[in-house]
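Just below is one structure, and these are the notes that go with it.
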Amino acid sequence: MNRNTKFLKRTISIMVMTTITLSLLAGCGTKKVEVVDGGKEEATPISIMSVFWEVGPIPNDNVIVKEFEKRTNTKLDITWVPGTNYNEKLSVTLASGDIPDMTLDLETYNAQWRSMTAQGAFWEVGKYYKDYKNLAALPENIWENTKLPDGKNYMMPRPRPLDGQSSGQISIRKDWLDNLGLKSPETMDDLYTVMKAFTNGDPDKNGKKDTVGFAGYVSDGNLGSLKEVVSIFNGASDAGFKLDKDGKIIHMWTDTSTRDALIWLKKAYSEGIIHKDIAVLKPEQEGELIMASKVGINFNPMQKTTVYDETIKKTVPNAETVPLVALAANNGKYVAKNQGSFGGFVIPKTVKEDKMKKIMEFYDFCVSNEGWELAKHGVEGVHFNKTGDKYTALPQAKTDLVATMANISQKYDKYQTASILGTTSEQLERNKKIIDEKAKISISSPITGLSSDTESKVGADYNKKYVETFMKVMLGAEPITTWDAYVAKLKTDADYLKWNKEISDAYNKKMSVAK
């Protein structure tokens, strides 16, 4: 037998043995791993649709995107959509059926998405998230709040704080309280007294009657700042639903406590301790009044106190705007707990299970400390320097549009709302303590994740009528009997009652599944 024949037989023998070995491995259930040159597992391609706001969009060859790919062994294809028309784009994308591997639902379950989910179009990520360290570490409240009435999670939440984020955070000028010898208010009656003193008592000590107790804004179909006053009185979230003493869902528009809030506001407005133009003020105009040191009380997110004081202190060096924990009315102290997310990412069932798990692995990195730092600040030494917990941005950060990826990658930070650029260490520690106190008493909305078909059809009209009637009575254009007549009609209104029943049924279903 010549050398070539021996070599050929030996080669065939090796090939046969290799084939048998691979077949046996496959038969034993060994996971198939695609590898590239060098033995490294092949990068997972992931298509993503997400939102951008002030900064963006960024190309897929952006250095931050490439660094995400490097650290997660992925190949990212990201479609960035402006926040101003994101929901419209989402609807078109869902309707097309050509859905990216990982798609942001900014509304936290819009109606179209719910319908498709009911038909089995998206993965139930709730079965898997506990297998991933950082996703599993998110507060359980956040996962609870992203469940549908069937008790299942189909969304990987974009985490946000549970406390301190709401616009219902009330803030007050402490230096004005000190000037007038007043204590910080604890009840709505106390707040009324302070508002009156801020309007009539010369809190800025300039000898002029040029200040007002409270300013805010309203919009079409939304009570804006005033809804926070209503919530304190009726103990319900912005949507107006709460649990009664028997654990049943009730809507508070027709409750006497909402009427109490209206009477409180009507009296305050008639006495001139609420800004006379509150019905037409825009949010930016409210801010201008506050920073011009003309208003002593406002309902705005906690970080705004830093923004306001930074400007006010230029003319009033000892100015200090202080956030309050909560105020009490006839239902005791009330402060809402936030949902803990701003939308989230969903994965369509067109994605195979193995890849779905890879996507969850990628997103697990996105909610980690490392992922957040990369998304928010970039690469150390290139985009930022760090001393302790303080980040200092470098010029390259602006060039590379650092922070755009933070619309995808965001860690959970209980104290995220405690600070903003310019917040001092003293303000930060103060705000952290306030958030801790809020967390002890804050109440979650019982209707998070629930929906009503009737509300989706007629809700906008009902909200508009509610706000119109409320404002007419508050501003003195109509008597309180107009409100009473409106409430009486609501109590027999077929669509309103149907809306309430659908929410109640959805809540009961969710609770029964939880048991």
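Counting only N and O atoms by type, the side chains of S293 and R173 include a donor and acceptor under 3.5 Å apart. For the residue pair N234/T258, the side-chain donor-acceptor check at 3.5 Å is satisfied. Between the side chains of T448 and Q339, not a single donor N or O lies within less than 3.5 Å of an accepting N or O. Using modelled atom types, one finds no donor on one side chain facing an acceptor on the other under 3.5 Å when comparing Y129 with D364. A donor and an acceptor atom, one from each side chain of K337 and S442, are located under 3.5 Å apart. Checked by atom type, the side-chain pair E286/N300 shows a donor-acceptor distance below 3.5 Å. In summary, the side chains of T305 and S171 do not present any donor paired with an acceptor at a separation below 3.5 Å, with no hydrogens or angles considered. Looking only at atom types and distance, the side chain of N385 has no donor-acceptor partner in the side chain of T392 under 3.5 Å away. No hydrogens or angles considered: nothing links the side chains of N407 and S50 as a donor-acceptor pair under 3.5 Å.
Closest non-hydrogen pair, T93 versus I99, comes out as O-CG1, 3.9 Å. Nearest heavy-atom pair across L450 and R114 is O-NH2, 3.4 Å. Here the closest non-hydrogen pair linking S452 and E502 is OG-OE1, 2.5 Å. The two residues S341 and I142 come nearest to each other via the heavy atoms CB-CG2, 4.4 Å. A pairwise comparison of heavy atoms in H251 and Y496 identifies ND1-OH, 2.8 Å as the closest pair. Contact between M405 and I78 at its shortest, heavy atoms only, is SD-CD1, 3.9 Å.
Counting only residues at least two apart or on different chains, the salt bridge (Lys or Arg N to Asp or Glu O under 4.0 Å) pairs with a member in residues 45-71 are K66-E69, E67-R71, R71-E370. For residues 378-400, the salt bridge (Lys or Arg N to Asp or Glu O under 4.0 Å) pairs, not counting sequence neighbours, are E373-K386. Pairs engaging residues 94-104 under the salt bridge (Lys or Arg N to Asp or Glu O under 4.0 Å) rule: D101-K355 [sequence neighbours left out]. Each salt bridge (Lys or Arg N to Asp or Glu O under 4.0 Å) pair with one or both residues in residues 289-315, not counting sequence neighbours, appears once here: D210-K294. Counting only residues at least two apart or in different chains, side-chain hydrogen bond (donor to acceptor under 3.5 Å, both in side chains) contacts with residues 459-469 comprise Y462-D493.
F52 has its ring centre no less than 6.0 Å from the ring centre of Y86. Aromatic rings from F384 and Y391 are positioned such that their centres are separated by under 6.0 Å. Taking the centre of each ring, Y132 and Y363 stay at or above the 6.0 Å mark.
Note: S225 OG to H275 NE2 = 12.5 Å, rounded to the nearest 0.5 Å. The structure places CD1 of I434 at 7.5 Å from CG of L324, a figure rounded to the nearest 0.5 Å. How far CD of E288 is from CG of L281: 10.0 Å, rounded to the nearest 0.5 Å.
With sequence neighbours left out, the side-chain contact (heavy atoms from CB on, under 4.5 Å) criterion links M356 to W123, Y128, I347, V351, E353, M360.
A salt bridge does not link D453 with K498: none of the charged nitrogens is closer than 4.0 Å to a carboxylate oxygen. Contact check on E320 versus R430 returns a salt bridge, with a Lys/Arg side-chain nitrogen under 4.0 Å from an Asp/Glu carboxylate oxygen. By the 4.0 Å N-to-carboxylate-O rule, D354 lies too far from K358 to be salt-bridged with it.
Few gaps surround NZ on K349; more than 12 heavy atoms of other groups in view lie less than 6.0 Å from it.
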_Would F241 and Y507 count as a ring pair (Phe, Tyr, Trp, His ring centres under 6.0 Å) here? Give the steps._
CA-CA 11 Å; F241 286 93; Y507 175 79; over 10 Å; no
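The side-chain tip of R158 points at the ring of F342 from less than 6.0 angstrom away and within 45° of straight on.
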